[in-house]
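Proteins get letters first, then strands, A, B, ... in listed order; numbering begins at 1 in each. Atom set for the values below is all heavy atoms of this structure, side chains included, hydrogens, waters and symmetry mates excluded.
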Amino acid sequence: MNFSAELIAWYTDNKRDLPWRNTTDAYIIWLSEIILQQTRVEQGMPYFYRFAERYPTVTAFAAAHEDDILKLWQGLGYYSRGRNMLKTAQLVQQQYNGVFPVSYHQLIKLKGIGEYTAAAISSFSANEARAVVDGNVYRVLARYFGIDEPINSPKGKKTFQKIADDVLDNARPALHNQAIMEFGAMLCKPKNPACGICPVRMDCIAFKTNATTCLPVKLKTVKIRKRYFNYMLISDGEKILMNKRNEGDIWANMYDLPLVETPELMDIVELLQLPQMKNLGSNIALKDNSAIIKHVLTHQQLYIRFLILKDFPKELQENWFYADIENLKNLALPKPIFIFIKYFFNF
DNA sequence: AAAACGGGGAC
DNA sequence: GTCCCAGTTTT
C-alpha cells in the first residue's frame, strides 16, 4: 500500500463519528469548516449544532442579521468568521440562487474561504481532487517526508501544498483528505504522537531519525502587545450604558461597555483625573474597585478593570446607547465582558 | 513577508 | 508558561 492507502485504511478503522461527515450538503460542510478554522473539534461541535439547527439552509442564514450571527458565535473567537459568513451567505443567495457552490474555483472567491476551506468543501461535497493542507497535514507531511522547511513561511506553504497534491489519491480525494487530517489529529499529534501504533512508522523519516519532536518547524513571530482597558459599568438596575465596538480592532461590531483605554496601568486615583473620565459625568462615585483581570489573546494581553459608576453621563458618545438589562442576553459580548456582566447581575 | 484576529485545552 | 487547534484577511 502507498502512503495514502495506509492512511485511508487506518482512517476506516479509527475515525470518529462526526456530524458533518454524514452529509455532502455543501452548505453544512461550509458551516462546519468555517467553525473549525483554528478551532478544536470539541470546542466547535456545540456551535455547529446550534448553527445547523437555527439556520438549516444558506437561505435561512442569508436572512439573518449580523447581530444574531455574532450572538450565536459568542465565545468561539475570531468573529470575522461569522461576519464573513453572512456576506458569503447573502452572495450565495443572490448570485447562486441559494445553491451553495461546490467547485474550488467558485469557492475560493468567497469571503472567509481560503485555499484550505475551498479544497475541503469541494472535495467533501463534490469529490473534487483538491488536497487540503491544514495544521494536521503540515505535521504529518513534515514528519513522514522529513521536511524541515518552516510551515508558516510563504515558501514553505507552497512546498507543503505541492507534496500534499502529490500524495493525494485522485480517485477518492474526500476520503484521503478526511483520513490525513484525522490521522494528524488522533495519532500523529503535536505532543506525544502514537508512533508505537503508527502504520507508516517504518517509512517515516522523522520516526527513523528520531526527529518527531523537531517537526514540523515553525517560525515564531508573535509580538504581544499589552493593553489596559478601564470599563465603566453604569446602570440604574433597569438599564445599562453599552457601547458598540468599531471595526478595525478586536471584537469588531460586538458590544461592550464605555471604555477608557490607557497606555499603561494607572493608579485608580490618577485614572479618575483623566479628561475622558471627567466627561463621563460630574459626580463619578466609585462603588467598587474590582480586581484587574488578565485576558490573553493571540497578539494582545488585555488588563481589564471594571469601574462601577453611580450616575449616567449627561452626554453620550457616538457608539453609546442604553440597553435594557433584560435585553443583554441578545447582545454579542466578548468573553471577559460576558463573564463580568453575568457575575454582576447574577444571571 | 508579516501582523492581526479569540478562546480554550494539553502538557 | 508554551504550543497549537479542520486558516483567512489585511497591511
Side-chain angles (χ1 to χ4, degrees), chain A residues 11 15-16 18-21 29-48 70 73-85 87-88 107-121 123-124 130-140 150-158 160-161 164 174 177-186 188-193 213-225 227 245 247-254 294-302 332-339:
Chain A
Y11 175 72
K15 66 180 174 182
R16 291 169 290 182
L18 302 176
W20 43 85
R21 285 185 179 153
I29 309 254
W30 169 69
L31 205 54
S32 71
E33 289 302 337
I34 304 293
I35 286 173
L36 291 173
Q37 284 169 3
Q38 293 290 283
T39 303
R40 292 168 198 282
V41 166
E42 309 81 66
Q43 190 189 2
M45 186 87 77
Y47 287 85
F48 171 78
L70 288 176
W73 203 272
Q74 178 178 293
L76 193 56
Y78 283 165
Y79 298 93
S80 65
R81 289 182 290 173
R83 294 188 282 117
N84 284 333
M85 281 182 100
K87 291 176 194 161
T88 287
L107 290 164
I108 195 72
K109 294 177 186 165
L110 301 174
K111 279 281 186 193
I113 297 183
E115 285 185 46
Y116 162 77
T117 306
I121 299 174
S123 65
F124 296 154
R130 296 279 173 179
V132 295
V133 182
D134 73 335
N136 295 306
V137 176
Y138 280 122
R139 187 168 55 254
V140 172
I151 62 171
N152 57 342
S153 69
K155 186 166 176 292
K157 286 178 200 250
K158 293 182 70 171
F160 281 95
Q161 181 69 59
N177 281 339
Q178 292 283 12
I180 192 168
M181 287 195 288
E182 187 80 337
F183 181 81
M186 307 295 290
C188 195
K189 297 176 293 182
K191 307 284 185 191
N192 304 321
T213 56
C214 310
L215 296 173
V217 173
K218 195 171 187 178
L219 266 33
K220 49 185 67 177
T221 53
V222 257
K223 270 187 316 196
I224 295 186
R225 176 164 65 123
R227 300 175 73 178
R245 295 183 60 80
E247 299 200 23
D249 197 358
I250 56 171
W251 304 326
N253 294 2
M254 296 177 76
K294 184 178 177 185
H295 185 77
V296 179
L297 308 179
T298 305
H299 290 86
Q300 301 182 22
Q301 289 179 356
L302 307 181
L333 309 173
K335 198 68 174 182
I337 307 299
F338 179 72
I339 297 286

Using whole Å, what does the distance between atom [atom2] of nucleotide [N] and atom [atom1] of [X] come to?
| X | N | atom1 | atom2 | result |
| --- | --- | --- | --- | --- |
| A:Ile224 | B:dA3 | CD1 | P | 12 Å |
| A:Tyr47 | B:dG6 | OH | P | 13 Å |
| A:Ile337 | B:dG6 | CD1 | P | 13 Å |
| A:Leu297 | B:dG6 | CG | C1' | 6 Å |
| A:Leu36 | B:dG8 | CG | C1' | 14 Å |
| A:Glu247 | B:dC5 | CD | P | 12 Å |
| A:Ile34 | B:dG6 | CD1 | P | 15 Å |
| A:Arg227 | B:dA4 | CZ | P | 10 Å |

Inset, instruction - Tell me, please, the opening and closing nucleotides of DNA chain C, 5' to 3', among those with an atom under 4.0 angstrom from a non-hydrogen atom of chain A. - result: C:dC3 to C:dT10

Legend entry - Earlier contact from the 5' end, DNA chain B, for A:Pro154 and A:Tyr79: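 Comparing both residues, the 5'-ward one is A:Pro154.
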
Inset, instruction - Please tell me which of A:Lys335 and A:Gln300 maps to the more 5' nucleotide of DNA chain B, matching each residue to the nucleotide holding its nearest heavy atom. - result: A:Gln300

Inset, instruction - Look at the aromatic rings of A:Tyr138 and A:Phe160 and report parallel, tilted or perpendicular, splitting at 30° and 60°. - result: perpendicular

Taking any heavy-atom pair under 4.0 Å as a contact, classify [X]: base, sugar-phosphate, or nothing.
| X | value |
| --- | --- |
| A:Ile35 | nothing |
| A:Trp20 | base |
| A:Gly75 | sugar-phosphate |
| A:Ile121 | nothing |
| A:Asn152 | nothing |
| A:Gly77 | base |

Got [X] and [Y] here, is their nearest side-chain heavy-atom distance under 4.5 Å?
| X | Y | value |
| --- | --- | --- |
| A:Trp251 | A:Leu333 | no |
| A:Thr117 | A:Ile34 | yes |
| A:Leu110 | A:Trp30 | no |

Inset, instruction - May I ask you to say whether A:Lys157 pairs ionically with A:Glu115, meaning some side-chain N is under 4.0 Å from a carboxylate O? - result: no

OP1 or OP2 of [N] versus the side-chain N and O atoms of [X]: is any pair under 4.0 Å?
| X | N | value |
| --- | --- | --- |
| A:His295 | B:dG7 | yes |
| A:Lys155 | B:dA1 | no |
| A:Gln38 | B:dG7 | no |

Legend entry - Closest-nucleotide ordering on DNA chain C, the 5'-leading residue of A:Lys111 and A:Arg139: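 The residue whose closest nucleotide sits nearer the 5' end is A:Arg139.
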
Legend entry - Upstream residue (5' side of DNA chain C) when A:Thr39 and A:Leu110 are each assigned their closest nucleotide: A:Thr39

Legend entry - Proximal nucleotide (of B:dA3, B:dA1, B:dG8) relative to the A:His299 side chain: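 It is B:dA3.
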
Inset, instruction - Please say whether more than 12 non-hydrogen atoms of neighbouring residues, nucleotides or ligands are located less than 6.0 Å from NZ in A:Lys87. - result: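 Counting other residues, nucleotides and ligands, NZ of A:Lys87 exceeds 12 neighbours.
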
Inset, instruction - Can you tell me, in whole Å, how much space there is between the P of C:dA6 and that of B:dA4? - result: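 Approximately 24 Å lies between the P atom of C:dA6 and that of B:dA4.
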
Inset, instruction - Pick the P atom in C:dT11 and in B:dG6, then give their distance to the nearest Å. - result: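 So the two P atoms sit 14 Å from each other.
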
Legend entry - Worked verdict on A:Gln178 versus A:Arg21 for side-chain hydrogen bond (donor to acceptor under 3.5 Å, both in side chains): CA-CA 9 Å; A:Gln178 292 283 12; A:Arg21 285 185 179 153; 3.1 Å; yes

Inset, instruction - Indicate whether the side chain of A:Tyr116 and that of A:Glu33 have a donor and an acceptor atom separated by less than 3.5 Å. - result: yes

